[in-house]
Protein chains: 2
Amino acid sequence: MKLEQATIKDIARELNVSSSTVSRALKDYPGISDETKRKVKELAEKMNYRPNAIALSLRKSRSFTIGVIIPEVVHFFFSTVISGIEEVAFSRGYNVILTQTNEKLAREKSSVDTMLSNQIDGFLVSYSKETTDFNHFSRLLDQGFPIVFFDRVPEIEDSVNVVVDDFKGSYEASKHLILQGYRRIYHISGPVQLKISKERLRGYQAALEDHGIKFENSWVIECPRGDENEAKEITLEILKTNSEKPDAFFCHNDMAAVGVMMACKEMGLKIPQDIGVVGFSNWQFCTMLDPSLSSVAQPGFKMGAKATEILLDIIEKKINTKETQNTFVLDTELLVRKSSVKI
Amino acid sequence: MKLEQATIKDIARELNVSSSTVSRALKDYPGISDETKRKVKELAEKMNYRPNAIALSLRKSRSFTIGVIIPEVVHFFFSTVISGIEEVAFSRGYNVILTQTNEKLAREKSSVDTMLSNQIDGFLVSYSKETTDFNHFSRLLDQGFPIVFFDRVPEIEDSVNVVVDDFKGSYEASKHLILQGYRRIYHISGPVQLKISKERLRGYQAALEDHGIKFENSWVIECPRGDENEAKEITLEILKTNSEKPDAFFCHNDMAAVGVMMACKEMGLKIPQDIGVVGFSNWQFCTMLDPSLSSVAQPGFKMGAKATEILLDIIEKKINTKETQNTFVLDTELLVRKSSVKI
DNA sequence: TTGTAGGCGTTATCAG
DNA sequence: CTGATAACGCCTACAA
């Protein structure tokens with residue numbers, strides 16, 4: 001029951017011309033009589049002719065398809081990025097093949113393989129949490145295969161990256177807490193192997209240092225999963241056991257911030273009076289929480305759009321990887337809401 | 001700078017055998033000496049051979065790729081569906097090409113065209129709000145092209161659909177509020193032209209009737225945009241002006257429920273003591289609200305997974321469209337949380 | 001202005 | 001057990 005698509009041959013046979021004539025007529029090549037062009041186009045329309053992109057890909061070794069590898073689709077930030085990718089790809093005539101790794105390295109590798117099999121023209125990648133060695137990517141980069149990394153970017157020479165300014169976003173958020181009068185600011189951090197976690201940690205530390213706050217290592221707690229339950233557990237433990245208690249939390253993501261808020265409420269602490277909280281990512285739910293959660297907004301759509309533009313420019317050789325800068329940094333925006341405004 | 005992929009021919013040349021031999025050896029066809037097999041496989045490995053899926057597609061007129069057309073990616077429910085789609089597709093060896101229509105009919109049509117050009121094996125579609133005539137789909141269905149619709153399904157004969165049971169979900173939610181002792185249960189409804197809005201309204205009304213509650217039309221308020229601000233405004237107005245005040249709200253979506261909760265808090269009403277609230281969709285943030293929001297969970301992942309399984313079964317001719325039922329209804333699940341438990 | 005032939009990478013078919 | 005050939009649909013040098 002397959003779709004019987006008309007081919008160039010069909011048109012040619014019907015019109016008693018050669019298939020090259022049809023091919024040329026359809027593409028308005030010079031040296032084809034207007035008469036023939038007209039007839040060909042008319043019949044093509046009538047037969048509902050549609051060029052076979054697969055045949056074209058084979059011929060040109062170009063698929064006009066880009067592969068997107070992402071940890072999770074059900075994730076506000078990433079879905080926003082996908083939206084940006086899709087938008088630009090569509091407008092420039094490219095298809096988007098999508099896979100999610102579910103944070104599994106094995107799946108990431110296997111996706112790379114199938115996508116390469118499918119002759120994609122380039123990759124857009126945000127790698128999984130399990131990914132610590134980048135051979136499966138650097139091998140491709142060495143061969144000159146177009147890859148643009150976004151958000152989670154590797155520390156490989158010559159890789160092209162699009163990131164947000166995690167350091168600055170983190171710095172601003174921490175500074176904001178300090179200016180609000182919070183002093184014992186803890187940091188719920190992400191998985192330390194991720195560069196974004198490191199950057200956010202650095203920004204936090206820099207802000208504290210710059211404002212003369214002496215902090216201890218015990219103020220930084222890693223939350224590898226980064227969901228609200230994990231953060232809640234950890235926060236409860238801190239609030240119950242630590243002798244010197246925190247008066248604010250800067251969290252590496254919003255879900256962790258929710259966990260912190262839950263724990264505080266459970267312990268009878270008032271936000272923002274007793275404890276200030278700031279998250280990261282500005283998920284939709286920030287405004288829905290009580291109190292509303294201050295957060296560092298990441299420009300997801302813009303990141304997807306930018307990464308795609310760069311990738312397509314590389315593919316179409318409008319820019320040369322070697323000559324261009326290789327890390328594009330997008331600005332974050334601190335959105336101050338009730339959870340961190342003491343005064 | 002293109003990736004120079006080794007082909008079967010390369011292996012053949014190197015080994016001084018024909019390409020058919022290599023092809024057969026790689027696929028463990030019978031009638032190839034173990035010796036040859038070993039040599040071929042070894043070299044293939046060494047040359048990092050990867051079959052060209054494009055060539056295969058051309059040969060077999062099958063691309064092992066399915067096209068997904070969805071209104072919006074940045075939407076919790078849809079992103080969950082995508083996740084389900086991706087999961088099943090991946091495990092059965094299919095690729096997923098994705099486009100979002102942004103609720104535009106023109107974009108929907110154009111996506112259908114490019115995907116067909118790309119020789120996809122089938123479609124998974126949730127159509128746009130602008131789509132009122134389905135010629136671009138029914139034409140394909142008539143030709144026997146595999147399409148499965150989900151969530152937003154057309155009223156076309158023979159179309160295969162996957163939906164959730166909005167009526168029942170709505171009924172259960174309303175019944176739950178009644179059993180909790182709420183009596184004046186208002187309904188914040190969605191855009192009345194959407195089938196899901198109608199179904200949810202029907203379920204609500206049926207539950208009230210079945211439990212002997214006389215309700216008035218004024219209890220149903222349409223919230224066309226369906227976001228929290230709109231719902232908040234409307235709720236405030238109700239709470240301020242109505243002489244007979246509601247003691248519960250059943251909302252057609254979670255964002256509206258958030259608006260209701262905000263309004264109640266602003267008016268000094270306690271949830272769930274004074275006002276019970278139930279939402280619909282079970283967005284991630286339900287558990288993060290204070291109090292946590294009861295909601296009717298729609299099985300998005302399951303919907304994506306189910307739709308994909310059916311589609312692939314149709315593609316692989318494991319089932320015949322004509323012989324199978326054509327609408328699959330998935331059950332919702334009422335998740336009772338604090339916002340609606342009075343007792 | 002149009003036609004012919006070859007090839008993109010693969011596999012099915014028919015010969016050896 | 002292995003090889004040659006044709007074909008999937010399209011494009012493009014080269015020929016006419």
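Proteins come first, then strands; the chains are lettered A, B, ... in the order of their sequence lines, and each starts at number 1.
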Next item on the list: Choose from dT2(C), dG9(D), dT10(C) the nucleotide whose nearest atom is closest to any side-chain atom of T21(A).
Entry: dT2(C)
Next item on the list: Please report, rounded to the nearest Å, how far the P atom of dA4(D) is from the NZ atom of K9(B).
Entry: 13 Å
Margin query: Let's see if you can work this out: which of dT12(D), dT2(D), dT1(C) has an atom nearest to the side-chain heavy atoms of S23(A)?
Written below: dT12(D)
Margin query: Rounded to whole Å, how long is the line connecting atom NZ of K27(A) with atom C1' of dT12(D)?
Written below: 12 Å
Check: Nearest-Å distance, CG (D10(B)) to C1' (dT10(C))?
Finding: 13 Å
Margin query: Once rounded to the nearest 0.5 Å, what's the spacing between atom CG of L312(A) and atom CD1 of I66(A)?
Written below: 5.5 Å
Next item on the list: State whether T36(A) places a side-chain N or O below 4.0 Å from either non-bridging phosphate oxygen (OP1 or OP2) of dT1(C).
Entry: no
Item checked: Gap separating the CG atom of L330(A) from the CG atom of D151(A), nearest 0.5 angstrom -> 10.0 Å
Item checked: Residue Y29(B), side-chain atoms from C-beta onward, closest of dG9(C), dA12(C), dT11(C) -> dA12(C)
Checklist line | Sugar-phosphate only, base, or nothing, as touched by S57(A) at under 4.0 Å among non-hydrogen atoms | finding: nothing
Check: What's the CZ-P distance between R13(A) and dT2(C), to the nearest Å?
Finding: 19 Å
Check: Using 30° and 60° as the class limits, which term best fits the ring planes of F78(A) and F150(A): parallel, tilted or perpendicular?
Finding: perpendicular
Note to self: By nearest heavy atom, map S20(A) and A55(B) onto DNA chain D; which one lands nearer the 5' end?
What the structure shows: A55(B)
Note to self: Whole angstroms only, please: what is the CG-P distance between L15(A) and dG3(C)?
What the structure shows: 10 Å
Notebook entry, point to check: Considering only dT2(D), dA13(D), dT10(C), which nucleotide approaches the side chain of L56(B) most closely?
Noted result: dT10(C)
Check: Of all the nucleotides listed (dC10(D), dT4(C), dA4(D)), which has the minimum atom distance to the side chain of S18(B)?
Finding: dA4(D)
Next item on the list: Measure from NZ or CZ of R152(B) to the centre of the six-membered ring of F149(B), then state whether that distance is under 6.0 Å and the direction lies within 45° of the axis.
Entry: no
Check: Atom CD1 of I8(A) to atom P of dG3(C): distance rounded to whole Å?
Finding: 13 Å
Margin query: Can you tell me which nucleotide in dT4(C), dC8(C), dA12(C) comes closest to the side chain of R59(B)?
Written below: dA12(C)
Check: Whole-Å distance between dT10(C) P and L26(B) CG?
Finding: 9 Å
Item checked: Separation of atom CD1 in I11(B) from atom C1' in dT10(C), rounded to whole Å -> 12 Å
Check: Starting at the 5' end of DNA chain D and moving along, which residue's nearest nucleotide shows up first, R24(A) or A6(A)?
Finding: A6(A)
Notebook entry, point to check: Considering only side-chain heavy atoms of S33(A), which listed nucleotide, dC11(D), dT1(C), dG9(C), is closest?
Noted result: dT1(C)
Next item on the list: Search all heavy atoms of Y127(B) against all heavy atoms of V153(B) and return the closest pair with its distance.
Entry: OH-O, 3.1 Å
